[in-house]
Participant: 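Following this message is one structure expressed as structure tokens.
Since we're looking at a predicted model, the values are computed, not measured.
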Amino acid sequence: MEYRLYDAARRYAAEHETALVELIETLSAIPAPSHHEERRAAFVKAWFEENGFSGVTIDAAKNVIAPVNCTPSCEVVVFMAHTDTVFPDMEPMPLRREGDRLCCPGVGDDTANLAALMLAARYFRAEPQTADCGFLFVANSCEEGLGNLKGCRQLMQDYAGRVREVISFDGGLGGICNKAVGSARYRVTVRTEGGHSFGAFGNRNAIHLLSSMIGTLYAVKPPVEGDSKTTYNVGRIEGGTSVNTIAQEASMLYEYRSDSRACMAQMQAMFESVIAAYRSMGIEVEVELLGERPCMGELDPARQQALEARLCGAIRAEAGVEPSFHSSSTDCNIPFSLGIPAVCTGVYRGQGAHTREEFIELSSLPAGFRMMLSFLLSYLK
């Protein structure tokens, strides 16, 4: 298949380079923490409607869905980019340009990809619809952190049995996620009798016990299956009352991840055994599952490879780079777990994702946008 853009699409890409940057800036100014994407979702829905899309909806999970060439029962290909950012801010975050850099928390992950998808969808919708399926352009919610992929889960549920492929635009130009990293996330709380640091000295201290538990968890050697990778992390601890109080309560946020289902099962067994050991000592331990992302399901290798080849062709032709494959935790975890072919890629180069120093390189956007257009339009050839 030829992946080069034809002249009209190439002109569209060139003529909208400034519009793309302006749309990224506009979206970046709309706060959208996970579970609180309503303002950004409302903007995206209105934008789609103002640009000629019909039947645009916001579903129960705050996904914005713009259908193209869809009938009530047809198969669909899903193109998606998430609206939420990893940051909790409910006020606009600072945005600035520094030479070739556009700097703002969340500007790359995933605002740049979302803006590009919106502009590419506008061109795609106006093209003759020659495919034997429909298309959903989705600005989805709750991809980040404890969003727990709520938006993608809702979408796969609502379109169960109809989804042919899922393409998530989330990440940098040239990289392709084609394997899911599963994860389990917990809040673990330890409670004791506590007391005054002098008068009740000798009573058990929840902070001490939690620290001991963390030490036990960190002594574990991660399991390995083939070329798999397994990790764990304690990302936050809190507890206690004052410097002269034996802590009655302390908690931590703990997760483990792996791109191997077998290793995930081993990590779960290890975690449960550690919790059981501390409970057997008469310690009150509460465990709350905060989020769970599945690993790979059973995919048709030929269909998955065909999708990867289609994307690689567009990247090579328009971005001029050799694609690289990697495992990651993305919206694609859900279709992967259901046996649906999926890939995840992006349209920009930048650094600092998940930090307040995040930036994208503006000069990378034209090639990334052409790549996206080329990939989308390949479905209509």
Side-chain angles (χ1 to χ4, degrees), residues 27-45 47-48 56-66 76 78-93 104-115 117-118 136-160 163 166-171 177 180-187 233 235-236 253-255 257 288-295 328-338 340 342-346 353-355 358:
L27 287 167
S28 294
I30 305 173
S34 300
H35 301 289
H36 297 283
E37 303 94 339
E38 50 276 346
R39 289 168 58 188
R40 195 173 285 195
F43 173 87
V44 173
K45 179 176 185 290
W47 187 96
F48 274 126
V56 183
T57 59
I58 298 179
D59 68 14
K62 301 175 187 173
N63 295 319
V64 184
I65 303 170
V76 294
V78 176
F79 303 120
M80 65 197 307
H82 65 86
T83 51
D84 61 321
T85 70
V86 74
F87 304 95
D89 306 55
M90 292 301 293
E91 296 297 325
M93 291 179 281
C104 184
V107 66
D109 186 10
D110 193 32
T111 309
N113 289 312
L114 174 58
L117 183 61
M118 291 163 67
L136 301 180
F137 289 90
V138 182
N140 67 284
S141 67
C142 285
E143 190 278 339
E144 297 288 5
L146 297 180
N148 201 35
L149 309 183
K150 177 182 176 181
C152 191
R153 291 176 194 271
Q154 183 74 50
L155 194 70
M156 294 301 103
Q157 175 182 312
D158 292 346
Y159 288 86
V163 179
V166 174
I167 299 87
S168 172
F169 292 98
D170 182 9
C177 168
V181 174
S183 64
R185 292 161 171 171
Y186 301 91
R187 177 181 287 111
N233 185 60
R236 183 175 182 179
L253 298 183
Y254 172 74
E255 72 156 19
R257 297 183 176 213
E288 178 186 3
L289 179 65
L290 299 177
E292 192 168 22
R293 299 189 177 199
C295 281
S328 192
S329 178
T330 71
D331 279 314
C332 290
N333 282 46
I334 304 304
F336 276 145
S337 72
L338 299 172
I340 299 170
V343 287
C344 182
T345 193
H354 287 214
T355 75
E358 185 175 5

Participant: side-chain hydrogen bond (donor to acceptor under 3.5 Å, both in side chains) between H82 and D109: does it pass, once the steps are laid out?
Facilitator: CA-CA 8 Å; H82 65 86; D109 186 10; 3.1 Å; yes
Participant: Would you say that R39 contacts P31 through its side chain, given a criterion of any heavy-atom pair below 4.5 Å between the two side chains?
Facilitator: yes
Participant: Restricting to non-hydrogen atoms, name the atom on F79 and the atom on L117 that form the minimum distance, rounded to 0.1 Å.
Facilitator: O-CD2, 3.8 Å
Participant: Working to the nearest 0.5 Å, report the span between OG of S329 and CG of L149.
Facilitator: 6.0 Å
Participant: Check the pair R185, L289 against side chain to side chain contact (heavy atoms under 4.5 Å, CB included), reporting the backbone distance first and the verdict last.
Facilitator: CA-CA 6 Å; R185 292 161 171 171; L289 179 65; 5.8 Å; no
Participant: Tell me, please, which residues at least two apart from D89 pass salt bridge (charged side-chain N to carboxylate O under 4.0 Å, His left out).
Facilitator: R356
Participant: When you compare the side chain of S141 with that of S34, does any pair of heavy atoms fall below 4.5 Å?
Facilitator: no
Participant: Using distance alone, with no hydrogens and no angle criterion, decide if R40 and T83 have a side-chain donor and acceptor under 3.5 Å apart.
Facilitator: no
Participant: To the nearest 0.5 Å, what is the distance between CG (N140) and CG (D84)?
Facilitator: 7.0 Å
Participant: At what distance, to the nearest 0.5 angstrom, does CD of E144 lie from CG of D331?
Facilitator: 9.0 Å
Participant: Can you confirm whether R153 sits close enough to P294 that some side-chain heavy atom of one is under 4.5 Å from a side-chain heavy atom of the other?
Facilitator: yes
Participant: Please enumerate all residues that pass ring-ring contact (aromatic ring centres under 6.0 Å, His included) together with F87, with sequence neighbours excluded.
Facilitator: none
Participant: Rounded to the nearest 0.5 Å, how far apart are CD1 of I334 and CD of Q154?
Facilitator: 12.0 Å
Participant: Over all heavy atoms of both residues, which pair between T111 and S28 is shortest? Give the atoms and the distance, please.
Facilitator: CG2-OG, 3.6 Å
Participant: Can you name the salt bridge (charged side-chain N to carboxylate O under 4.0 Å, His left out) partners of E38, sequence neighbours left out?
Facilitator: K62
Participant: Roughly how far apart are M93 CE and T85 OG1, rounded to 0.5 Å?
Facilitator: 4.5 Å
Participant: Under the side-chain contact (heavy atoms from CB on, under 4.5 Å) test, which residues partner A41, sequence neighbours left out?
Facilitator: I58, V64
Participant: Nearest heavy-atom pair of L290 and Y186: which atoms, and what distance?
Facilitator: CD1-C, 3.9 Å
Participant: Ignoring hydrogens, what is the shortest heavy-atom contact between D158 and D59? Give both atom names and the distance.
Facilitator: OD2-OD2, 4.2 Å
Participant: Side chain to side chain contact (heavy atoms under 4.5 Å, CB included) between I167 and M80: does it pass, once the steps are laid out?
Facilitator: CA-CA 6 Å; I167 299 87; M80 65 197 307; over 6 Å; no
Participant: Going by the side-chain contact (heavy atoms from CB on, under 4.5 Å) test, name the single residue among I340, I65, L136 that passes it with V78.
Facilitator: L136
Participant: Which residues pass the salt bridge (charged side-chain N to carboxylate O under 4.0 Å, His left out) test with R257, sequence neighbours left out?
Facilitator: E255
Participant: Which residue, L155, V44, V166, forms the side-chain contact (heavy atoms from CB on, under 4.5 Å) with V138?
Facilitator: L155
Participant: How long is the gap from CG on N333 to CE on M156, to the nearest 0.5 Å?
Facilitator: 12.0 Å
Participant: State which residues pass salt bridge (charged side-chain N to carboxylate O under 4.0 Å, His left out) with R187; sequence neighbours excluded, sorted by chain then number.
Facilitator: E288
Participant: If I compare all heavy atoms of L114 with all of A81, which pair ends up nearest, and what's the gap?
Facilitator: CA-CB, 3.7 Å
Participant: Which heavy atom of A342 sits nearest a heavy atom of C332, and at what distance?
Facilitator: CB-SG, 3.8 Å
